[in-house]
Amino acid sequence: MSFPTGTILGYPRIGRRRELKRAVEAFWAGRITADELEATAAELRAVTRARLVELGLGKTDSSIPEAFSYYDQVLDAAVTVGAIPTRFASLVKPDGSLDLAGYFTIARGEGNNTPAEMTKWFDTNYHYLVPEIGPETDFHLASDRLIREVAEATTSGYRTRPVIVGPVTFLLLSKPSEGAPEGYQPLDRLDDLLPVYAELLAALTAVGAEWVQLDEPALVSESIDVPRSAVLAATAKAYDLLAAVPVRPQIFVAAPYAGLGDALPVLDKTAIEAIGLDLVRGTIPTGFTTTKTLVGGVIDGHNIWRGDLAGAFEKLTALNALSPSVAVTSSTSLFHVPHDATDEPLLADQLKSWLAFADQKVGQVATLAKGLVEGKGAIQGELDAASAALKDRHDAVGVRDGAVRARAEALAPSDFARGAYADRLAAQDAALHLPFLPTTTIGSFPQTGEIRKTRAAFAAGRISEAEYKEAMRAEIRSVVELQESIGLDVIVHGEPERNDMVQYFAENLDGFAVTQNGWVQSYGSRCTRPSILWGDVSRPSPITVEWSTYTQSLTPKPVKGMLTGPVTILAWSFVRDDQPLRDTANQVALALRDEIADLEAAGIGIIQVDEPALRELLPLKKSDQPAYLDWSVNSFRLATAGVEDKTQIHTHLCYSEFGVVIDAIDQLDADVTSIEAARSKMEVVPDIQSSGFGRGIGPGVYDIHSPRVPSVDEVTDLIGIALGSIPERQVWVNPDCGLKTRGYDETVESLTNVLAATRAVRLQHAH
Ligand code: GLN
Ligand code: ZN
């Protein structure tokens, strides 16, 4: 059976109306049983298969990926091969399996057992759970879930293609389990892991699978801590061995997110049958021919644009010169995009005609597959329609705004630079009168059900604007009072008016649209609804000024204005693909620059511009990183460099792997930077010290990802670690991140402890 001519690497798992999220959360809350959850999931899988056939994939040609997950595909692979962290050993049943509750416990933790660490999946907004592999990990085929799902499909008349994270990527994404010896790497266990994959392949054949997809995105990444030669050797060994399994499905290795580079000839030398190439991020390999099927990922799985279908078909034609057998697919799994662009009643029809969500992308794949089989003439109509939509988009009102472009073109280097830091420091000291170890928070306070209800009521027109504003002001009053009573030095308004730190700005800027049903999975049951940045960006009127000035009217202490930075706005939106990101980032920066000027003019002396996504957009290829860091840093500088010396610019980043981007953070030239640090026990402090970072820095002292209240002693210790390495004058005291996901009781207790610790340290240092 040859490889299907058209396929996708994966499809959204949450359901068109987030049915899976609802069911999983109902199960966690004890409202439904495991059997009921399983039934909902089976129903979703059935609906997905039927839908994919309706959209043009074949029912029995292995083109439908069997790629469901209750929580995360990496956790699924770990559970399949029996890699359960030792602290969860008691969840494993005598037959070696885990029930659903146990599966979720690894993801979410229980009592003193912390959950598996969560980290970003390549350069996307998705987070996976990091497997923990040690010398003691007992690999064995511990879950037949994937096998049962394939059997379920076969029974209902389909022949689907099971998808699992491949063995090399699985080990490269794992971390050594606690207590593993020095120098040990999970990849050392490859020989023990491969027999389990071999057994799985054999079992998949037995239930009807003719093809299997092994996802090996780690092969494209240059941010892996293992020498490339070892990665390539592991790849050769793994696929030589799996290809030698006597009875197995044919093997398709997919390598999304960038080009395969020198891993391509290595895979080609093994006896697997098909190789997937990301031809959106990567390019057509040169000087390479093969007898294997080449599966061209020419439909962008990352983004939501209908795009250049004729150009995509040309790439496939070029692949035809490299292999007698070519197929078409999405560049990545489609779980990075929402289900269906036609399911957006509030989006303008013209905008919708430019979009392709998952369902539309499946249609595009089916079209290109038809072209591969019947020739270009057979799909000329569809190619022309896509080109016409592109032209319509190019010419549409708002896509190009003369005033916005003229302003961007007139920018000079001085627009990106503030005055010397020493002058700023002196002016800020004189203006702000902050104590030694100034204390503040990252911006948001707990978002109570009440606040959400009020926002929803206003959005639905059930309460008037006046009522809404008064409700938000009341909330601000109580948050300010609370901060004053706890004794914080720099006051925030708490962000009650924001549903989401990016969408809030998207709703208030021109050039953006927001969707109703455009949810994508961020991790587990958590979904986000990215905005669509489709046109030139500008700010029709001030956004946050009214809230900040109201807040400042309530207190003599400095109030910190709160904005989301250009890089984060881009990272957490679906961004236009018809111009360089640098240009789009600068437009957003100019809109923010105007907002900052208005805040400053209204008497707000401290302004924070959050950039939690700075690290996450960092390209996987080292050669692409300098250009990225250049435009991202410059857009932040463009947003913030217009202020006077006495105005203090803060920024906030929510992660602690600081090392790689420390120079970029330095070049942001913010006066104060707050970062996550409590969770990692100040691991980041040596990096800050060795980099010689010279401006204000607030390594978090309160881990807001957990409901735990840190004790005064704990916080005192953390402040001590910071003061041990960083010059005293630079140190700020703050939580790791915003407080919006926390409850009030724990927040009040925790902040009270933070202040008690700060006062104690201040006393010790009063000499
Ligand atoms: N100011 C935002 C908040 O406090 C920052 C959130 C973030 O870093 N993700 O909620
Ligand atoms: Zn944060």
Side-chain angles (χ1 to χ4, degrees), residues 118-120 125 127 439-448 451-452 455 472 475-476 479-480 482-483 488 490-506 522-523 526 528-530 543-544 547-548 551 559-573 592 595-596 599 604 606-617 636 639-640 649-658 661 665 668 670 672-680 684 697-706 732-744 747 750-751 754:
M118 199 166 64
T119 196
K120 293 192 33 85
N125 289 334
H127 301 71
T439 54
T440 189
T441 61
I442 306 306
S444 58
F445 266 71
Q447 288 233 339
T448 57
I451 299 176
R452 289 175 203 279
R455 270 204 319 262
M472 293 300 122
E475 180 64 26
I476 291 174
V479 166
V480 170
L482 176 64
Q483 293 171 84
L488 285 147
V490 173
I491 305 296
V492 297
H493 78 291
E495 304 178 26
E497 79 287 12
R498 301 184 191 178
N499 44 0
D500 171 282
M501 63 185 290
V502 170
Q503 193 179 329
Y504 176 71
F505 288 92
S522 166
Y523 65 88
R526 181 71 78 97
T528 62
R529 201 162 37 137
I543 304 170
T544 65
W547 301 114
S548 291
T551 311
V559 165
K560 179 161 71 169
M562 196 63 55
L563 305 174
T564 303
V567 183
T568 300
I569 290 184
L570 260 54
W572 295 351
S573 303
L592 293 170
E595 182 74 9
I596 291 173
L599 283 167
I604 303 300
I606 304 182
I607 299 161
Q608 178 170 310
V609 179
D610 290 326
E611 283 293 21
L614 184 68
R615 166 80 178 78
E616 96 184 26
L617 273 196
F636 181 92
T640 54
I649 297 290
H650 288 216
T651 190
H652 166 70
L653 311 157
C654 337
Y655 38 80
S656 48
E657 327 111 59
F658 213 65
V661 283
I665 293 169
L668 295 178
V672 180
T673 302
S674 61
I675 48 168
E676 178 180 312
R679 213 177 194 204
S680 59
V684 50
I697 181 96
V701 296
Y702 160 25
D703 172 11
I704 60 87
H705 294 103
S706 147
W732 281 64
V733 176
N734 47 256
D736 269 2
C737 193
L739 301 165
K740 62 176 166 245
T741 57
R742 296 270 59 91
Y744 257 107
T747 296
S750 300
L751 291 178
V754 167

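Remember, it's 1-based here, ligands and their atoms both numbered in the order they're listed.
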Can you tell me how far apart [atom1] ([X]) and [atom2] ([Y]) are? Round to the nearest 0.5 Å.
{"X": "S444", "Y": "I451", "atom1": "OG", "atom2": "CD1", "value": "10.0 Å"}
{"X": "M472", "Y": "E495", "atom1": "CE", "atom2": "CD", "value": "13.0 Å"}
{"X": "R498", "Y": "R455", "atom1": "CZ", "atom2": "CZ", "value": "11.0 Å"}
{"X": "E595", "Y": "F505", "atom1": "CD", "atom2": "CZ", "value": "6.5 Å"}
{"X": "I649", "Y": "I596", "atom1": "CD1", "atom2": "CD1", "value": "5.0 Å"}
{"X": "D736", "Y": "S674", "atom1": "CG", "atom2": "OG", "value": "9.5 Å"}

Problem set entry | Environment of the Zn ion (ligand 2) in terms of protein N/O/S atoms, cut-off under 2.8 Å | H652 NE2, C654 SG, C737 SG
Check: every ligand 1 N/O to protein N/O pair under 3.5 Å:
from     : atom 1 : to   : atom 2 : distance (Å)
ligand 1 : 1 (N)  : I442 : O      : 3.1
ligand 1 : 1 (N)  : E495 : OE2    : 2.8
ligand 1 : 1 (N)  : D610 : OD2    : 2.6
ligand 1 : 4 (O)  : I442 : O      : 3.4
ligand 1 : 4 (O)  : S444 : N      : 2.9
ligand 1 : 4 (O)  : S444 : OG     : 3.1
ligand 1 : 8 (O)  : H652 : NE2    : 3.1
ligand 1 : 10 (O) : S444 : OG     : 2.7
ligand 1 : 10 (O) : K740 : NZ     : 3.2

For this session: Under the ring pair (Phe, Tyr, Trp, His ring centres under 6.0 Å) rule, collect the residues that match up with H650, sequence neighbours excluded.
Result: W732
Exercise. Which atom names give the shortest non-hydrogen contact between L592 and T564, and what distance separates them?
Worked result: CD1-O, 3.3 Å
Exercise. Of all residues at least two apart in sequence or in a different chain, which pass the salt bridge (Lys or Arg N to Asp or Glu O under 4.0 Å) check with D500?
Worked result: none
